[in-house]
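Just so you know, ligand 1 is whichever comes first in the structure, and atom 1 is the first atom listed for that ligand. These figures come from a predicted structure and were not determined experimentally.
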Amino acid sequence: MENLISLVNKIQRACTALGDHGEASALPTLWDSLPAIAVVGGQSSGKSSVLESIVGKDFLPRGSGIVTRRPLVLQLHKSDEGSREYAEFLHLQRKRFTDFSAVRKEIQDETDRETGQMKQISSVPIHLSIYSPNVVNLTLVDLPGLTKVAVEGQPDTIVQDIENMVRSYIEKPNCIILAISPANQDLATSDAIKISREVDPAGERTIGVLTKIDLMDKGTDAVDILEGKSYRLKFPWIGVVNRSQADINKNVDMIAARRREREYFASTPEYKHLAQRMGSEYLAKVLSKHLETVIKSRIPGIQSLINKTVAELETELSRLGKPIAADAGGKLYTIMEICRLFDQNYREHLDGVRSGGDKVYNVFDNQLPAALQRLQFDKQLSMENIRKLITEADGYQPHLIAPEQGYRRLIESTLVTIRGPAEASVDAIHSILKDLVHKAMNETPELKQYPALRTEVGNAAMESLERMREQSKRATLQLVDMECCYLTVNFFRKLPQEADKGGNPSQSIFDRYNEAYLRRIGTTVLSYVNAVCAGLRHSIPKSIVYCQVREAKRSLLDFYYTELGKLEQNRLSALLNEDPAIMERRSALAKRLELYRSAQAEIDTVAWAK
Ligand SMILES: Nc1nc2c(ncn2[C@@H]2O[C@H](COP(=O)(O)OP(=O)(O)OP(=O)(O)O)[C@@H](O)[C@H]2O)c(=O)[nH]1
């Protein structure tokens with residue numbers, strides 16, 4: 001059972017070391033789920049005296065005004081009889097304090113270090129462990145005394161700030177409230193009772209302590225309260241008699257004071273019958289036992305909370321991605337790795353693993369044939385145009401046998417119109433490839449993590465696609481131009497000659513420009529152009545795939561990789577310049593995960609040892 005308190009002690013220390021003080025934050029808190037005893041009371045109610053009595057040592061700062069300005073987590077560890085008493089602070093590990101006046105000084109100094117000279121308050125706790133044969137295993141949190149007025153130099157808000165801090169501790173359902181009230185004041189005005197009633201109206205987790213019983217007016221006593229007849233709480237009230245100011249001034253030994261307290265209850269007629277359950281030693285034992293019971297009952301809940309939180313933290317951390325390497329090589333590797341992931345996603349789109357690549361085929365199968373079909377060869381091959389081009393080509397000397405030049409001009413001027421659909425196909429594929437870059441970028445979460453890298457990779461991919469488009473345009477238009485500059489002779493050789501067709505070879509020159517003759521020329525040109533079109537319909541996609549699609553798949557970021565290799569370390573760092581909020585969140589999550597994992601290991605050890 002003793003293990004339980006030290007288990008919670010260990011976890012509490014880890015919480016403070018890793019920044020979990022139970023304050024409202026965007027991180028899960030383990031601190032809040034740990035059972036603890038918080039000491040609350042008004043100023044001068046005797047809180048410090050009760051704590052010192054429990055410990056059996058003089059070690060808390062004294063003075064006027066608000067002395068306790070940070071929570072003090074006081075962990076008491078019972079050591080073997082005869083062993084030396086010492087204290088240790090979490091913030092000064094490995095330094096053992098055997099002089100308890102030095103402990104008092106360190107509490108004061110450490111308070112000032114966090115709160116500054118302005119005597120502000122802070123919710124960051126100070127952790128103090130005391131090892132002594134005269135203590136029971138126990139953890140108590142000493143909180144600033146509730147007060148009504150700020151002293152000079154302190155902000156007016158301090159009164160409310162203290163109340164808020166105290167409330168934030170005691171409102172947690174896992175908190176046992178040690179409510180200190182002086183017996184020489186009306187209990188109805190007790191600050192401790194007032195605030196604990198607010199958060200624990202049924203008094204189920206409040207342990208009432210009545211101090212200064214020896215200072216009550218003659219003729220009055222606290223029997224009704226101590227017997228639970230007035231101000232009933234679930235736990236019986238415990239009365240204590242601490243050292244008076246005069247005792248403190250005379251340096252009355254704490255152990256002697258404990259003895260005197262025992263004698264007081266045993267010998268005072270009103271309290272004799274209650275003596276067995278009065279005094280600070282009894283109080284310490286009750287608290288220790290109660291704390292153990294509470295911890296024991298909460299362990300399964302804490303375990304499942306820890307397991308759940310560890311899983312949540314791990315999920316969020318993996319969503320945020322790995323932290324960045326510090327050296328240039330590591331950074332370059334990270335960038336290349338991210339680029340590779342993006343490139344792979346991109347290729348998967350083109351290969352059909354992911355959607356979108358099919359749009360390329362749609363261009364070749366529908367858009368290009370439709371555009372070729374829409375070409376207005378009728379206009380090029382109108383009677384008027386044929387006549388014009390043939391006569392122009394003949395020049396001053398009309399053709400003798402066949403209008404060779406006229407044919408060429410007619411064919412060229414018709415074929416050249418195919419450049420339009422060819423160019424449009426290149427552009428259509430370019431825009432599909434660009435869309436796929438956006439898609440693949442969005443599907444690469446690592447790029448989202450680094451906005452600067454995302455922009456650069458996006459730009460580099462677009463520049464590559466632009467280069468490929470230029471190359472593709474040149475190659476594809478060349479296909480059309482090649483058709484214009486060299487005609488397929490065989491096509492014409494196979495055509496039946498005029499005489500073969502039964503025509504009159506002795507037709508006059510003038511007749512050669514008649515409509516039937518020109519129409520025949522038009523028909524021949526059209527069938528040649530159609531044959532060329534049919535061929536281009538198949539060769540244009542080949543050129544486009546060769547120059548754009550295949551290249552995009554093979555070398556989208558090749559140029560960028562060469563550039564990357566030349567970058568200096570600071571440029572690489574700039575590329576991996578994450579959103580600072582993400583960096584902060586990741587390190588906060590990692591710290592919290594460390595805390596939860598260590599708590600998980602600690603609890604598992606105790607749970608298995610049971
Ligand atoms: N006679 C007598 N004096 C007591 C008792 N408890 C506390 N005192 C005296 O009351 C004064 C205040 O006690 P502290 O223990 O400093 O009270 P506190 O609540 O810690 O006060 P602050 O830290 O100022 O808020 C001191 O002079 C104590 O000696 C008691 O049971 N009997």
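Considering backbone and side-chain atoms together, Gln43 places no N or O closer than 3.5 Å to any N or O of ligand 1. Between Asn242 and ligand 1, an N or O atom pair is found at a separation short of 3.5 Å. For a threshold of 3.5 Å applied to N or O pairs, the pair formed by Ile248 and ligand 1 contains no separation below that value. Below 3.5 Å of separation, one finds no N or O of Thr211 facing any N or O of ligand 1.
Evaluation of the ring-ring contact (aromatic ring centres under 6.0 Å, His included) rule for Phe97 yields Phe89 as partners, not counting sequence neighbours. Ser44 pairs by the side-chain hydrogen bond (donor to acceptor under 3.5 Å, both in side chains) definition with nothing, not counting sequence neighbours.
Remark: Glu110 engages Arg70 in a salt bridge, criterion side-chain N to carboxylate O under 4.0 Å. Ion pair Arg243/Glu52 flagged as a salt bridge, since at least one NZ, NE, NH1 or NH2 atom sits closer than 4.0 Å to an Asp/Glu carboxylate oxygen. Between Glu281 and Arg259, none of the side-chain N atoms (NZ, or NE/NH1/NH2) sits under 4.0 Å from a carboxylate O, so this pair counts as no salt bridge.
Contact annotation for Val50 and ligand 1: no heavy atom of the residue comes within less than 4.0 Å of the ligand. In Asp247, neither the side chain nor the backbone holds a heavy atom less than 4.0 Å from any atom of ligand 1. Under 4.0 angstrom from ligand 1, there are no non-hydrogen atoms of Glu52.
When the heavy-atom distances from atom 23 (O) of ligand 1 to Ser48, Gly42, Gly145 are ranked, the shortest goes to Ser48. Taking only non-hydrogen atoms, the option from Ser244, Gly41, Ser49 nearest to atom 14 (P) of ligand 1 is Ser49. Residue Asp214 holds the heavy atom nearest to atom 32 (N) of ligand 1 of all those in Val241, Val252, Asp214. For atom 10 (O) of ligand 1, the nearest non-hydrogen atom from the set Lys212, Lys47, Glu261, Gln245 comes from Lys212.
The closest side-chain donor-acceptor pair between Gln303 and Asn307, if any, does not fall under 3.5 angstrom. No hydrogens or angles considered: a donor-acceptor pair under 3.5 Å links the side chains of Asp247 and Ser244. For the residue pair Asp112 / Gln108, no side-chain donor-acceptor distance below 3.5 Å is found, with atom types taken as modelled.
Interface of Gly46 with ligand 1, defined as ligand atoms under 4.0 Å from a residue heavy atom, comprises 7 (C), 13 (O), 14 (P), 15 (O), 17 (O), 18 (P), 19 (O). Counting atoms of ligand 1 from 1 in the listed order, those under 4.0 Å from a heavy atom of Ser44 are 12 (C), 17 (O), 18 (P), 19 (O), 21 (O), 22 (P), 24 (O), 25 (O). The contact set between ligand 1 and Ser45, taken as ligand atoms under 4.0 Å from a residue heavy atom, comprises 17 (O), 19 (O). Distances below 4.0 Å separate heavy atoms of Leu215 from the following atoms of ligand 1: 1 (N), 2 (C), 3 (N).
Within a 6.0 Å sphere centred on CD of Glu584, heavy atoms belonging to other residues, nucleotides or ligands number 12 at most.
Ring-plane geometry between Tyr86 and Tyr131 is classed as parallel, the angle between the planes falling under 30 degrees on a 0 to 90 degree scale with a further cut at 60.
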